[in-house]
Amino acid sequence: MIPTKNAKLLAWVAEVEAMCTPDQVVWCDGSTEEYDRLMVEMVATGMAIKLNEKLRPNSFAFNSDPSDVARVEGRTYIASVKEEDAGPTNNWIDPNELKEIMKKLYTGCMKGRTMYVIPFSMGPVGSPIAKVGIEITDSPYVVVNMHIMARVSTKVLEVLGDDGEFIPCLHSIGSPLEPGQEDSRWPCAPIEKKYIAHFPEENLIWSYGSGYGGNALLGKKCLALRIASAMAGREGWMAEHMLILRFTNPEGKQFHIAAAFPSACGKTNLAMLQSTVPGWKVETIGDDIAWMKQGDDGKLYAINPEAGFFGVAPGTAEYSNPMALASCRKDAIFTNVVVTDDGDVWWEDMGVECTGGTDWKNNPWKPGMKDEAGNVIKGAHPNSRFTARAELCPVICEDWENPAGVPIDIFVFGGKRSTTIPLVHEAFSFDQGVYMGATASSEPTAAALDLGNVSLRFDPFAMTPFIGYHAGDYMQHWFDMGDKLGENAPRCFYVNWFRKTDDGKWLWPGFGENSRVLKWMCDRVEGKVEARETPIGLMPIDGDLSLDGLDIPAEDWAELMKVDSDLFRATLVDARAYLAKFGDKLPARIKKQMDELEARLG
Ligand code: GTP
Ligand code: SPV
Ligand code: MN
């Protein structure tokens with residue numbers, strides 16, 4: 001039975017069915033029975049591998065096609081009516097032209113497959129800040145991942161009622177099946193046929209050709225960031241690529257921190273950090289996306305619109321992120337990792353021995369194995385991921401689903417930089433904080449497929465691939481939010497955990513020890529410590545950021561805190577060149593910050 005009378009929804013589903021011609025349509029209810037049934041079906045077809053029930057209860061592994069392993073920024077489009085509304089950071093195509101192209105691709109694209117209709121809520125179901133989406137997909141893998149990452153339920157349809165608004169999210173893997181044709185393990189379309197399309201003026205998402213991560217789980221990057229950022233810009237709130245955490249001091253005082261780092265640069269790690277500062281503890285609210293609105297008391301309140309973590313697997317270990325490991329101990333989905341001979345999972349830098357198994361390309365694999373050219377073969381893909389329920393995280397905050405959100409005291413920006421950027425500095429003002437966010441830069445990671453051969457890229461607010469409108473207007477929106485928040489605006493900091501020695505070793509131990517840096521920020525907010533002025537911002541006075549018990553040689557600490565004016569002058573030249581692309585949409589207040597920085601650098 002069709003579980004809704006919503007006329008707009010029924011008409012859209014009928015239209016998509018007529019265009020994509022699936023064998024059948026299934027309305028998803030988000031139940032455990034549905035999840036279990038789909039997993040049984042996928043195990044039967046060979047798409048899913050059931051892991052050893054004793055070692056990894058109720059968990060499954062999937063291996064994608066080697067061409068479909070990450071977001072494809074080059075195939076991601078913001079199809080606004082006017083090109084200038086997409087701005088210089090987005091790919092643009094005229095919406096009508098793109099719809100023509102994609103309608104041709106969608107025609108008959110679900111032949112031989114089941115079309116699933118997934119009602120989901122980003123944010124707690126029924127909460128005033130939540131957004132309802134309906135994803136139509138022909139991928140059962142997408143359905144089970146959406147079960148974990150979003151709130152999938154028939155209750156969403158009840159909330160929607162007969163005339164409620166929803167964000168239509170159409171997804172197809174783009175691989176119709178002819179009668180008798182054998183299916184591949186991970187069907188998808190070739191790169192030139194992939195489109196991850198957004199129509200921000202219509203709040204509409206069309207995705208074709210990829211089954212992986214943010215390309216396919218449309219509640220995440222497509223809805224909660226690209227479409228939501230465009231809505232937030234119009235409506236006066238914020239949708240950001242930020243983790244949210246609560247940091248509580250020994251007296252029980254709570255600080256809430258939202259931090260923006262580019263993909264695979266440590267958000268999940270920081271969100272679940274095990275504090276090494278005695279008596280201070282971190283609780284997780286979100287690890288990837290923050291929606292923030294000004295509350296009646298004038299403060300900025302943040303919610304995590306997601307329900308799970310789609311975390312980077314490699315590097316997740318007991319020493320680096322034990323809480324993430326605990327979150328995927330059971331009821332988890334793993335994509336592109338090693339399935340060990342005893343039916344568990346393994347990945348590089350997991351911190352445990354592996355005797356062998358099957359690698360992410362489905363080949364027999366042993367650690368240290370080399371290819372013909374003599375290179376070590378990685379067992380897991382560098383962008384392999386675990387999908388885990390947020391509620392299974394042992395340090396999930398009791399307020400993580402509070403529809404009122406948590407009041408943000410501190411914004412942190414950052415990226416992966418092996419040189420130049422010191423461990424931490426604080427902005428003199430919110431305006432300078434916006435400048436820091438706007439000129440954030442990072443070395444590329446495996447989270448996007450097609451960044452080219454760049455060694456460094458500017459990544460404003462870690463949002464380059466996710467701003468659903470003109471990035472200059474987006475920067476102005478940050479200033480407008482600051483004006484609106486006034487003295488309630490969060491204090492802004494910039495961090496870099498990734499600075500290296502000349503011979504390639506990390507200068508900072510990172511992970512749990514990052515709590516020392518967070519504590520310094522909280523001390524600054526409370527006015528407990530002074531800071532020293534440098535040309536780029538305020539930095540810790542020696543001794544205020546405790547290094548007790550750490551074995552950091554004095555010269556390493558000096559390097560971590562070093563501000564080399566020549567390097568910053570060169571960076572400023574690059575920033576000016578980069579921001580020139582924004583034309584007259586570049587806020588005057590950004591230019592003012594650049595001029596002031598230039599003067600301070602001397
Ligand atoms: P997305 O989910 O792609 O948005 O990324 P994320 O920011 O959540 O990525 P994640 O936290 O999973 O980043 C993982 C990478 O950052 C791994 O390579 C970690 O080893 C590395 N990392 C995280 N924290 C630290 C740190 O403090 N120091 C160092 N050196 N590496 C870190
Ligand atoms: C990212 O790339 O920032 C992610 C993973 O969080 S994905 O959902 O695939 O975009
Ligand atoms: Mn992300």
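Numbering of ligands and ligand atoms starts at 1, following listing order. By convention here, the first residue in the shown sequence is residue 1. We use all heavy atoms of the structure for the numbers below, so side chains are in, but hydrogens, waters and symmetry mates are not.
- Considering both main-chain and side-chain atoms, Gly510 never comes within under 3.5 Å of ligand 1 through any nitrogen or oxygen pair.
- Using modelled atom types, one finds no donor on one side chain facing an acceptor on the other under 3.5 Å when comparing Trp497 with Glu513.
- With Tyr301 as the aromatic partner, Lys293 does not meet the cation-pi criteria of under 6.0 angstrom to the ring centre and within 45 degrees of the ring axis.
- Residue-ligand proximity, Ser263 to ligand 2, at heavy-atom distances under 4.0 Å covers atoms 1 (C), 2 (O), 3 (O).
- Counting heavy atoms under 4.0 Å from ligand 1, residue Pro262 touches it through the backbone alone.
- No heavy atom of Pro509 sits closer than 4.0 Å to any atom of ligand 1.
- Residues Glu443 and Ser418 have side chains that bring a donor and an acceptor to within less than 3.5 angstrom of each other.
- Residue-level proximity to ligand 1 for Ser263 is carried by backbone and side chain together, each with a heavy atom below 4.0 angstrom.
- Of the protein's non-hydrogen atoms, the one nearest atom 2 (O) of ligand 2 is Arg71 NE, 2.8 Å.
- Arg71 and Ser263 are linked by a side-chain donor-acceptor pair at a separation below 3.5 angstrom, with hydrogens and angles left out of the test.
- Remark: ligand 1 and Phe261 share no N or O pair separated by less than 3.5 Å (distance only, no angle test).
- In this structure, the protein non-hydrogen atom closest to atom 9 (O) of ligand 2 is Gly214 N, 2.8 Å.
- Of all protein heavy atoms, the one closest to atom 6 (O) of ligand 2 is Lys221 NZ, 3.0 Å.
- Here's the thing with Lys267: none of its N/O atoms is less than 3.5 angstrom from an N/O atom of ligand 2.
- At the top of the distance list for atom 11 (O) of ligand 1, counting protein heavy atoms only, stands Thr268 N, 2.9 Å.
- In summary, the side chains of Ser64 and Asn336 do present a donor paired with an acceptor at a separation below 3.5 Å, with no hydrogens or angles considered.
- Protein heavy atom at the shortest distance from atom 1 (P) of ligand 1 is Ala264 N, 3.5 Å.
- Closest protein heavy atom to atom 14 (C) of ligand 1: Asn269 OD1, 3.7 Å.
- Scanning the protein for heavy atoms near atom 17 (C) of ligand 1, the closest one is Pro314 O, 4.3 Å.
- At distances below 3.5 Å, at least one donor-acceptor pair connects side-chain atoms of Arg226 with backbone N or O atoms of Pro465.
- Atoms of ligand 2 lying under 4.0 Å from any heavy atom of His241, numbered from 1 in the order shown and given with element: 3 (O).
- In this structure, a donor-acceptor pair under 3.5 Å is present between the side chains of Asn514 and Trp508.
- Geometrically, ligand 2 and Gly213 share no nitrogen or oxygen pair separated by less than 3.5 Å.
- Contact annotation for Phe310 and ligand 2: only side-chain heavy atoms (C-beta onward) come within less than 4.0 Å of the ligand.
- Atom OD1 is the N/O/S atom of Asp288 found closest to the Mn ion (ligand 3).
- Short contacts between ligand 1 and His241, defined as distances under 4.0 Å to a heavy atom of the residue, involve ligand atoms 4 (O).
- In this structure, Arg385 counts as a contact residue of ligand 1, since one of its heavy atoms falls inside 4.0 Å of the ligand.
- Considering backbone and side-chain N/O atoms, Lys220 never comes within less than 3.5 Å of an N/O atom of ligand 2.
- Contacts between Asp288 and ligand 1 below 4.0 angstrom, taking non-hydrogen atoms only, involve the side chain exclusively.
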**Request:** Determine, stepwise, if the pair Tyr578 / Ser441 fulfils side chain to side chain contact (heavy atoms under 4.5 Å, CB included).
**Result:** CA-CA 11 Å; Tyr578 168 72; Ser441 57; over 6 Å; no
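- Between Tyr35 and His147, the ring planes are tilted. Angles from 30° to 60° get that label.
- Short contacts between ligand 2 and Phe466, defined as distances under 4.0 Å to a heavy atom of the residue, involve ligand atoms 3 (O).
- Judged by distance alone, the side chain of Lys221 and the main-chain N or O of Gly214 form no donor-acceptor pair under 3.5 Å.
- Looking at Phe498 next to ligand 1, no N or O pair under 3.5 Å apart turns up.
- Distances from the Mn ion (ligand 3) show that Lys220 has no N/O/S atom below 2.8 Å.
- Close approach of ligand 2 to Asp288 (heavy-atom distance below 4.0 Å) involves ligand atoms 6 (O).
- When hydrogens are left out, the protein atom nearest atom 22 (N) of ligand 1 is Phe511 CE2, 3.6 Å; that is the closest non-hydrogen contact.
- The side-chain tip of Arg185 does not point at the ring of Tyr141 from less than 6.0 angstrom away and within 45° of straight on.
- The closest approach between Ser320 and ligand 1 stays at or above 4.0 Å for every heavy atom of the residue.
- Under a 3.5 Å cut-off, the side chain of Thr335 and the backbone N or O of Phe62 do not form any donor-acceptor pair.
- Ranking the protein heavy atoms by distance from atom 18 (O) of ligand 1 puts Lys416 NZ, 4.3 Å first.
- Between Asp68 and Lys194, at least one side-chain nitrogen of the basic residue sits less than 4.0 Å from a carboxylate oxygen of the acidic one, meeting the salt-bridge criterion.
- Put simply, the side chain of Ser207 never gets that close to the backbone of His171: no donor and acceptor are under 3.5 Å apart.
- Between the side chains of Thr268 and Asp287, at least one donor N or O sits under 3.5 Å from an acceptor N or O.
- With salt bridges taken as basic N to acidic carboxylate O contacts below 4.0 Å, none links Glu306 and Arg151.
- A salt bridge is absent between Arg491 and Asp409; no separation between the charged side-chain nitrogens and carboxylate oxygens falls under 4.0 Å.
- In terms of polar-atom proximity, Asn514 is counted as a contact of ligand 1, with an N or O under 3.5 Å from an N or O of the ligand.
- For the pair Arg417 and Phe498, the cation-pi criterion (under 6.0 Å, within 45° of the ring axis) is not fulfilled.
- Among protein heavy atoms, atom 16 (O) of ligand 1 sits closest to Gly266 N, 3.7 Å.
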